[in-house]
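Numbering of ligands and ligand atoms starts at 1, following listing order. The structure presented is a predicted model; accordingly, all values stated were derived computationally and were not measured.
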Amino acid sequence: MPKEMQDASFKNVYKDDKARVPIIKYFKEFMEHYNDKEKPKGLYLNGSFGSGKTYLIACLFNEMAKKDVRGILIYYPEFLRSLKASFGTDFKEKFDEIKKVEMLLLDDIGAENNSSWARDEILGPILQYRMENHLPTFFTSNLTLDELEKSLATTSSGVEKVKARRIIERVKQLTITLDLISKNRRV
Ligand code: ADP
Ligand code: MG
């Protein structure tokens with residue numbers, strides 16, 4: 001995780017932006033209900049580049065870490081690359097760690113080089129496991145869920161709408177969708 005995300009804190013969240021209010025409200029509820037029998041759902045946070053999606057979720061993860069809840073934020077396109085590079089070495093450890101961690105953020109889903117391998121062998125099983133075990137799972141994306149579905153359908157193996165649909169169904173089971181439409185905060 002980059003340093004600025006390690007330091008992300010609710011104390012520093014811009015308060016001038018109404019777009020953040022529903023997200024902060026959701027986070028409060030998430031923290032209140034984390035120890036319920038059924039853990040709260042994660043977020044599918046959709047929005048434009050630089051609007052602060054990753055930063056906001058990093059705030060929540062850092063807050064939960066203070067309560068000893070372990071979360072991992074992974075930049076999804078890079079995770080796929082490193083997973084591929086770990087064939088024959090620690091592939092299974094890497095894969096299992098992501099599958100089983102208490103809280104997971106798949107950051108920038110939809111920005112990866114999509115392949116049927118990534119969709120069917122990696123993403124599908126991770127989401128399936130996390131769904132069955134009620135493990136809170138978060139996504140950020142520049143794409144809406146409809147756009148993500150289209151993107152996942154098309155790989156070099158052709159257009160496979162049913163397989164993409166199945167992934168989206170899991171994402172929907174795991175999350176509630178919120179938008180963060182805001183100006184670019186990157187400097
Ligand atoms: P996104 O993930 O939507 O592309 P980021 O979360 O990377 O956007 O945010 C863009 C930039 O703005 C980053 O440098 C981040 O540190 C900064 N930033 C975003 N939200 C805040 C905030 N609430 N307080 C301080 N800095 C922020
Ligand atoms: Mg981001």
Sub-4.0 Å heavy-atom approach of S48 to ligand 1: yes
Donor-acceptor side-chain pairing of D107 and T140 below 3.5 angstrom: yes
Polar contact flag for G50 and ligand 1 (N/O pairs, less than 3.5 Å): yes
Parallel, tilted or perpendicular: rings of F87 and W117 (30°, 60°): perpendicular
Ligand-side contact atoms (ligand 1) for residue partner M5, heavy atom cut-off under 4.0 Å: 6 (O), 7 (O)
Heteroatom proximity flag, G52 to ligand 1, N/O under 3.5 Å: yes
Flag, side chain of R119 to backbone of T154, donor-acceptor distance under 3.5 Å: no
Ligand 1 contact on K53 by region, counting heavy-atom pairs under 4.0 Å: both
No-hydrogen, no-angle side-chain donor-acceptor test under 3.5 Å, Q173 and E169: no
Connected via hydrophobic side-chain network under 4.5 Å: L56 and M31: yes
Numbered atoms of ligand 1 (with element) below 4.0 Å of R20, judged on heavy atoms: 20 (N), 23 (N)
From Y55, Y75, F10, F49 - option closest to atom 18 (N) of ligand 1 by heavy atom: Y55
Contacting atoms of ligand 1, where contact means under 4.0 angstrom from a heavy atom of T54: 2 (O), 6 (O)
ring-ring contact (aromatic ring centres under 6.0 Å, His included), paired with F138, selected from Y44, F30, F27: F30
Basic-acidic side-chain contact under 4.0 Å: R70, E97: yes
S51 heavy atom under 4.0 Å from ligand 1: yes
Metal proximity, T54 vs the Mg ion (ligand 2), N/O/S cut-off 2.8 Å: yes
